[in-house]
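First the proteins, then the strands, lettered A, B, ... as listed; each starts at 1.
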Protein chains: 2
Amino acid sequence: MATTQPAAADRPATIHDIAALCGVAASTVSRALSTPDRVNIRTRQRIQAAAAQLHYIPNSQAKALSSGRTGAVGVLVPDITNPFYFDLIRGTQLQLKAAGYTQLLVDTEESDEVEASTVEQLRKSADGIIVAASRLSDDALLAAAAKMPLVTINRDVPGVPAVLIDTPSATSQALDHLISLGHTRIAYMAGPLTSQSSTRRWTTLSGAAEERGVEVRRLGPFAPKKQSGAAAADAAVHSGVTACIAFNDLIAIGMLQRLRERGIRVPEDMSIVGCDDIFGADFCNPPLTTMASPIEQAGRVAVSMLLARLNPLAGGGARNRSVMPTHLTVRGSTGPAPLV
Amino acid sequence: MATTQPAAADRPATIHDIAALCGVAASTVSRALSTPDRVNIRTRQRIQAAAAQLHYIPNSQAKALSSGRTGAVGVLVPDITNPFYFDLIRGTQLQLKAAGYTQLLVDTEESDEVEASTVEQLRKSADGIIVAASRLSDDALLAAAAKMPLVTINRDVPGVPAVLIDTPSATSQALDHLISLGHTRIAYMAGPLTSQSSTRRWTTLSGAAEERGVEVRRLGPFAPKKQSGAAAADAAVHSGVTACIAFNDLIAIGMLQRLRERGIRVPEDMSIVGCDDIFGADFCNPPLTTMASPIEQAGRVAVSMLLARLNPLAGGGARNRSVMPTHLTVRGSTGPAPLV
DNA sequence: CAAACTATGGCAACCGGTTGTCATGGTTCG
DNA sequence: CGAACCATGACAACCGGTTGCCATAGTTTG
């Protein structure tokens, strides 16, 4: 137990301690541990034994500094308290851990400036970046992607690898669902102006509405938070629509709460469709009809794409675009249009 | 714009680039940037100008390696998808960022092994650690705290600085609330056996029950997830109690769903009390009576305690224990005991 | 048996900063 | 006017690894 070696204070062991213990050079220890083939099997085993005995743990800082690889990947999300990102984060975390990488999670607070400076920071302390729902401009994103490996989630910029969640097509499903229930006056409760998802969704939706000959108006923008739901609900009621497709579940759930307060029944008086199927969408009152997609998997895919880019070994064909399917999950918040 | 300097490839600038540009030694640049008083004001300004021009960003790895300080703090949570931790994480993130630190968030997956190895990892790559709801033994925690600055949240081990959320006393409030509604047969739906919070809460609760002459039985343990609520609900119904105090809101919300499926009305047939007031507790059906506390603030306080320990400048009196108040928030899931 | 090759381990530079120590030159003071 | 002192900046070691290059010795080959 108690080591009688000269080194081994209470301070963590280094390769030099191992080297001294084994009577070899530090570089040999380094090789034995990271390029085992480069070292004779007997020395290697001696070194590995010594490493275990000393509870050696490589210093990741030093490793990063000398090798240029940090073994970390930055994950940027606009709002850590938005349940949508929970599953995403878990997905990235699991996949990164499986590959031996560390996740650096940063909340960019929906600010493009924080996002930009974080990207700059991470340039040194991470091998790559995953950016969810970026608030940066296309140009800024392209520039960032040129400087270091970067994968976006829910942000489509030509030339930047991306995982896209196909909410636009789900939006059409939602529209058809509402039409089949007899709704003809429908509103889209828009998300932030800087959100590309919101814009894409609106484009699809208004196109589909025209094809089908129904009226869909756009209201908002609304912040993607539950509190914004109150304003959204009031706007919807005032506009005279009978159904709403909300930018996301947070807004939708906020609307449910507000409508209840105002004595407006869902779905009898008003139907509501959310997006994302976040935690809570299944147990709110009434349960929310929403557009669901495999978010955790989206995180995993993003990590895979990034790692493929970091280690371009075999495989070659690293896709740089992946679209996650989305489907409508119908629950209690949508129903037949009122007869009025 | 275009620099004519010899250095300045596309690679990020280093202090050496700045030194070359200004005609001084690298060490002078380092001092000008981190110990401004140590350098003549004119040289300093020249250096600062050059740094700005070169878009110099210090390499945190190198900084960490040479100075021993990483500027990062590890935050360990057992389950990143548990909404309880959202606010906590946001609290630590905000407070850390304000102090110029980076947050390293790790999901330990409710595993003591993952937790232990993470702590060991972080010993080199972080200046300190905040551990929420640790699954480690008292001894392991003490040992870890001896090796590096560490603050726990919701884990009371003598000798280890901690932020405690006073759910035990809120549990008594919950019990009194139920008693005042006429309930006499009450169940506590326990959390994981390794959770100290759950144990403390049960101790308080059974003590209080005895004092007040009501029967409180312990059921479980249940995993702190929504899915466990089904089993919990069934167990509660089978045991014949009229009210339940759940380990946390996830279990409570899961119970609500299951009871609804089984046609058991809440609160008419069964009252439910949760704990934590997580996202969703206010909009589930019925809204959940629960024990609320300032979670985000708990995160901030934990960070403050840790930083006070890292930089023991003035102030001196760094507390090593802080208790966050908790109170009962009554909503729709509790009501008068059935008359049967 | 010499030449050529391979496996193995050491040396030393390097990653990008920090920091202790020392030399220089200008001030202040007795 | 010389001694003591202070401000300032350079030098170099160091943090803990990685990696290119070289020397050695053993093996294979012609």
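- Minimum atom distance to the side chain of A:Ser27 is reached by D:dT19, of the listed D:dT19, C:dG17, C:dG9.
- Rounded to an integer number of Å, the gap from CG of B:Asp37 to P of D:dG9 is 13 Å.
- Considering only the side chain of A:Arg38, D:dC21 comes nearest among D:dG16, D:dC21, C:dG17.
- Separating the CG atom of A:Asn59 from the P atom of D:dG16 is a distance of 7 Å, rounded to the nearest angstrom.
- Remark on DNA chain D: of its neighbouring residues B:Ala25 and B:Ala62, the 5'-side contact belongs to B:Ala25, judged by nearest-heavy-atom nucleotide.
- Atoms CD (A:Gln61) and P (D:dG16) sit 11 Å apart, rounded to a whole Å.
- In this structure, A:Ile41 places its CD1 atom 21 Å from P of C:dT6, rounding to the nearest Å.
- Taking side-chain N and O atoms only, B:Thr28 has a distance below 4.0 Å to OP1 or OP2 of D:dA10.
- Residues meeting the side chain to side chain contact (heavy atoms under 4.5 Å, CB included) test with A:Asp87, sequence neighbours left out: A:Ile295, A:Glu296, B:Thr81.
- Under the 3.5 Å distance criterion, with hydrogens and angles disregarded, a donor-acceptor pair is assigned to the side chains of B:Thr92 and B:Gln103.
- Dashed line: the shortest gap from a side-chain N or O of B:Ser30 to OP1 or OP2 of C:dT18 is under 4.0 Å.
- Residues passing the side chain to side chain contact (heavy atoms under 4.5 Å, CB included) test with A:Ser137, sequence neighbours excluded: A:Asp139, A:Ala140.
- Looking only at atom types and distance, the side chain of A:Gln61 has no donor-acceptor partner in the side chain of B:Thr70 under 3.5 Å away.
- Atom NZ in B:Lys124 sits about 12 Å away from atom C1' in D:dC15, given to the nearest Å.
- Separating the CZ atom of B:Arg42 from the P atom of C:dG26 is a distance of 14 Å, rounded to the nearest angstrom.
- Nucleic acid contact for B:Thr35: none, since no nucleic acid atom lies under 4.0 Å from a heavy atom of the residue.
- For B:Val24, whose side chain is taken as the heavy atoms from C-beta onward, the closest listed nucleotide among C:dG17, D:dG16, D:dA10 is D:dA10.
- Nucleic acid contact for B:Arg69: sugar-phosphate only, since backbone atoms but no base atoms lie under 4.0 Å from a heavy atom of the residue.
- For the pair A:Ile57 CD1 and D:dG16 P, the interatomic distance rounds to 14 Å; values are reported in whole Å.
- The distance between atom CG of B:Leu65 and atom C1' of C:dC14, rounded to the nearest whole Å, is 12 Å.
- Side-chain atoms of A:Arg31 lie closest to C:dC11 of the nucleotides C:dC11, C:dC15, C:dT18.
- The phosphate of C:dT8 has OP1 or OP2 within less than 4.0 Å of a side-chain N or O from A:Asn40.
- Without hydrogens or angle criteria, A:Asn82 side chain to A:Asp79 main chain gives no donor-acceptor distance under 3.5 Å.
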